[in-house]
Novice: 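Sending over a structure as structure tokens; questions will come in a sec.
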There are 2 protein chains.
Amino acid sequence: METQDIRNAGLKVTLPRIKILEMLEEQSDQDRHLSAEDVYKRLIQQGEEIGLATVYRVLTQFEAAGLVKRHHFEGGNSIFEFNRGEHHDHIVCVKCGRVEEFSDEVIESRQKEIAKNLDFSLTDHSLCLYGICAHCRTAATQP
Amino acid sequence: METQDIRNAGLKVTLPRIKILEMLEEQSDQDRHLSAEDVYKRLIQQGEEIGLATVYRVLTQFEAAGLVKRHHFEGGNSIFEFNRGEHHDHIVCVKCGRVEEFSDEVIESRQKEIAKNLDFSLTDHSLCLYGICAHCRTAATQP
DNA sequence: TTGGCTGCAAAGATTTTGCAAATGG
DNA sequence: CCATTTGCAAAATCTTTGCAGCCAA
């Protein structure tokens with residue numbers, strides 16, 4: 001139950017927080033990466049009366065609590081994703097915006113090596129590949 | 001001469017463009033990664049009368065021409081860097097903002113492999129490590 | 001000369017904050 | 001109850017755009 005997650009974060013269990021956390025947990029693999037605006041629009045569509053400012057505040061609090069991860073893909077704005085614990089990186093289609101996840105042990109260990117060599121104690125990293133997905137390549141060839 | 005770079009980009013050779021390109025080329029290894037605001041403030045300090053809007057326009061044009069690279073490190077705003085051609089990634093100190101560059105063949109080839117497996121044709125990537133640099137760790141221990 | 005370029009101010013986009021009313025524990 | 005939380009509107013950031021005058025070619 002997401003109720004417990006919210007409580008564990010030291011936050012009161014309120015309707016906006018439950019709805020937002022539910023939404024982030026339930027998104028299918030194909031669009032689990034939402035901007036604050038995305039979350040807000042979906043809440044409105046669901047008939048919830050939750051303000052955009054609240055969405056920003058809640059997402060920021062969830063981020064601080066480690067419940068969600070914030071990404072800065074190309075485009076300036078923040079993209080949020082429920083934190084399922086298992087680390088992964090992203091590949092984004094620059095045509096359609098499709099996001100896929102991957103994780104690679106070789107890359108992970110090289111990163112640690114590099115940080116050690118440069119004498120940094122690594123706290124985090126972000127790796128994002130950009131490309132054109134198979135579907136968009138096909139669409140381009142046969143319009 | 002940066003004059004030729006500007007001409008090759010199909011742009012007129014103007015004072016703002018020359019000054020901005022000079023600045024980006026001359027920054028030492030230690031702070032070669034500047035926001036539009038950084039560039040603007042330094043121009044003012046140098047006594048140049050160049051508007052912030054022009055800085056944004058010129059940087060965007062330079063980016064389109066491949067003369068500079070735009071990064072989205074943590075913090076929302078864009079960071080610009082002169083494009084010396086040789087690809088590299090970054091490691092940023094989360095305490096002092098120090099930026100260092102590195103490049104790693106193992107990571108590069110793994111990325112290509114991953115994109116191939118997911119059936120994306122890779123166009124770009126961004127990898128940024130975050131950590132605490134040796135200097136900041138020392139400073140924290142002995143305040 | 002003339003089309004591109006610039007500075008300024010104003011508009012946009014995204015995110016944060018102040019505040020009174022609502023609400024969870 | 002009462003500290004937190006919320007919604008709204010206003011402010012703060014960062015970036016882009018419209019326009020009249022300026023300038024490189």
Side-chain angles (χ1 to χ4, degrees), chain A residues 1-23 33-44 46-65 67-80 97, chain B residues 1-23 33-44 46-65 67-80 97:
Chain A
M1 201 56 144
E2 44 279 327
T3 297
Q4 198 53 47
D5 288 334
I6 295 171
R7 223 187 301 276
N8 290 343
L11 300 169
K12 287 194 178 179
V13 179
T14 64
L15 192 90
R17 285 176 180 153
I18 293 172
K19 290 298 175 191
I20 292 171
L21 198 48
E22 268 178 358
M23 173 176 304
H33 302 81
L34 306 175
S35 68
E37 188 78 29
D38 290 337
V39 170
Y40 174 69
K41 281 196 282 204
R42 288 172 197 223
L43 287 170
I44 297 301
Q46 293 176 16
E48 302 296 337
E49 305 235 322
I50 297 175
L52 179 56
T54 299
V55 174
Y56 274 106
R57 272 184 295 228
V58 168
L59 287 172
T60 302
Q61 290 159 344
F62 283 175
E63 183 196 12
L67 283 174
V68 311
K69 289 230 164 203
R70 183 195 296 252
H71 301 290
H72 297 279
F73 299 153
E74 301 195 323
N77 60 347
S78 295
I79 299 292
F80 298 88
Chain B
M1 201 56 147
E2 44 278 327
T3 296
Q4 199 53 47
D5 288 332
I6 296 171
R7 225 186 300 275
N8 289 343
L11 300 168
K12 287 195 177 177
V13 179
T14 64
L15 194 88
R17 287 178 179 151
I18 294 171
K19 289 298 174 190
I20 292 172
L21 198 49
E22 268 178 358
M23 174 177 305
H33 302 82
L34 306 175
S35 68
E37 188 77 30
D38 290 336
V39 170
Y40 174 67
K41 280 195 284 205
R42 288 172 197 223
L43 288 169
I44 297 300
Q46 292 176 17
E48 301 297 338
E49 305 235 323
I50 297 175
L52 179 56
T54 299
V55 173
Y56 274 105
R57 271 184 295 228
V58 169
L59 287 173
T60 302
Q61 291 160 343
F62 283 177
E63 183 196 14
L67 283 173
V68 310
K69 289 229 165 203
R70 183 194 296 252
H71 301 290
H72 297 279
F73 299 152
E74 301 195 325
N77 60 347
S78 295
I79 299 292
F80 298 87

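A, B, ... follow the sequence lines: proteins, then strands. Residue 1 opens every chain.
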Novice: B:L15 near the nucleic acid: base, sugar-phosphate alone, or nothing, with a heavy-atom cut-off under 4.0 Å?
Specialist: nothing

Novice: Between C:dT6 and B:R17, is there an OP1 or OP2 to side-chain N/O distance shorter than 4.0 Å?
Specialist: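 For C:dT6, OP1 or OP2 has a side-chain N or O of B:R17 closer than 4.0 Å.
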
Novice: Let me spell it out: for each of A:V13 and A:R57, pick the nucleotide of DNA chain C with the closest heavy atom. Which residue's pick is nearer the 5' end?
Specialist: A:R57

Novice: Which nucleotide in the set C:dG7, D:dG7, D:dT15 lies at the smallest distance from any side-chain heavy atom of B:L52?
Specialist: D:dT15

Novice: Starting from C1' on C:dT6, measure out to CD1 on B:I44 and report it in whole angstrom.
Specialist: 13 Å

Novice: By nearest atom, which of the nucleotides D:dT5, D:dA25, C:dT6 is closest to the A:K12 side chain?
Specialist: D:dT5

Novice: As a test of reading the structure: which of D:dT5, D:dG7, D:dT16 is closest to the side chain of A:T14, going by heavy atoms?
Specialist: D:dT5

Novice: Exactly one of A:I6, A:D5, A:L21 should register a side-chain contact (heavy atoms from CB on, under 4.5 Å) with A:V13. Which one does?
Specialist: A:I6

Novice: Using atom types as modelled and distance alone, determine if a side-chain donor or acceptor of B:T60 lies under 3.5 Å from a backbone N or O of B:Y56.
Specialist: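 Looks like yes, one N/O pair under 3.5 Å.
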
Novice: Nearest whole angstrom, please: distance from the P of C:dT6 to the CG of B:L43.
Specialist: 12 Å

Novice: Let me spell it out: for each of B:T54 and A:V58, pick the nucleotide of DNA chain D with the closest heavy atom. Which residue's pick is nearer the 5' end?
Specialist: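 The residue closer to the strand's 5' end, by nearest nucleotide, is A:V58.
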
Novice: Round to a whole Å and report the spacing from CG of B:L59 to C1' of D:dC14.
Specialist: 13 Å

Novice: Could you state the NZ-C1' distance from A:K19 to D:dG7, rounded to the nearest angstrom?
Specialist: 18 Å

Novice: From the options D:dT16, C:dT6, C:dT16, select the nucleotide whose nearest atom is closest to the side chain of B:Y56.
Specialist: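 My answer, after comparing the listed nucleotides, is D:dT16.
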
Novice: Taking the side chain as every heavy atom from C-beta outward, state whether B:H72 and B:I79 have any pair of such atoms under 4.5 Å apart.
Specialist: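 No, every pair of side-chain atoms sits at 4.5 Å or beyond.
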
Novice: When all nucleic acid strands are considered with a 4.0 Å heavy-atom cut-off, which category describes B:E37: base, sugar-phosphate, or nothing?
Specialist: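 B:E37: no heavy atom of the nucleic acid under 4.0 Å.
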
Novice: How close or far is atom C1' of D:dT5 from atom CD1 of A:I18, stated in whole angstroms?
Specialist: 13 Å

Novice: Rounded to whole angstroms, how far apart are CD1 on A:I20 and C1' on D:dT5?
Specialist: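 That distance rounds to 12 Å.
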
Novice: To the nearest Å, how far apart are B:I50 CD1 and D:dC22 P?
Specialist: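 In whole Å, D:dC22 P lies 17 Å from B:I50 CD1.
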
Novice: From CZ of B:F62 over to P of C:dC5, roughly how many Å is that when rounded to an integer?
Specialist: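 Nearest whole value for this atom pair: 11 Å.
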
Novice: Among the nucleotides C:dG25, C:dG7, D:dT17, which one has an atom lying closest to any side-chain atom of B:A53?
Specialist: D:dT17

Novice: A:S78 side chain: which of C:dT15, C:dT6, D:dC14 is closest?
Specialist: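 Out of C:dT15, C:dT6, D:dC14, the nucleotide with an atom closest to A:S78's side chain is C:dT15.
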
Novice: Using side-chain heavy atoms (C-beta onward) and a distance below 4.5 Å, is B:Y40 in contact with B:L52?
Specialist: yes

Novice: Might you confirm whether atom CD of A:Q4 has over 12 heavy atoms from other residues, nucleotides or ligands at distances under 6.0 Å?
Specialist: yes

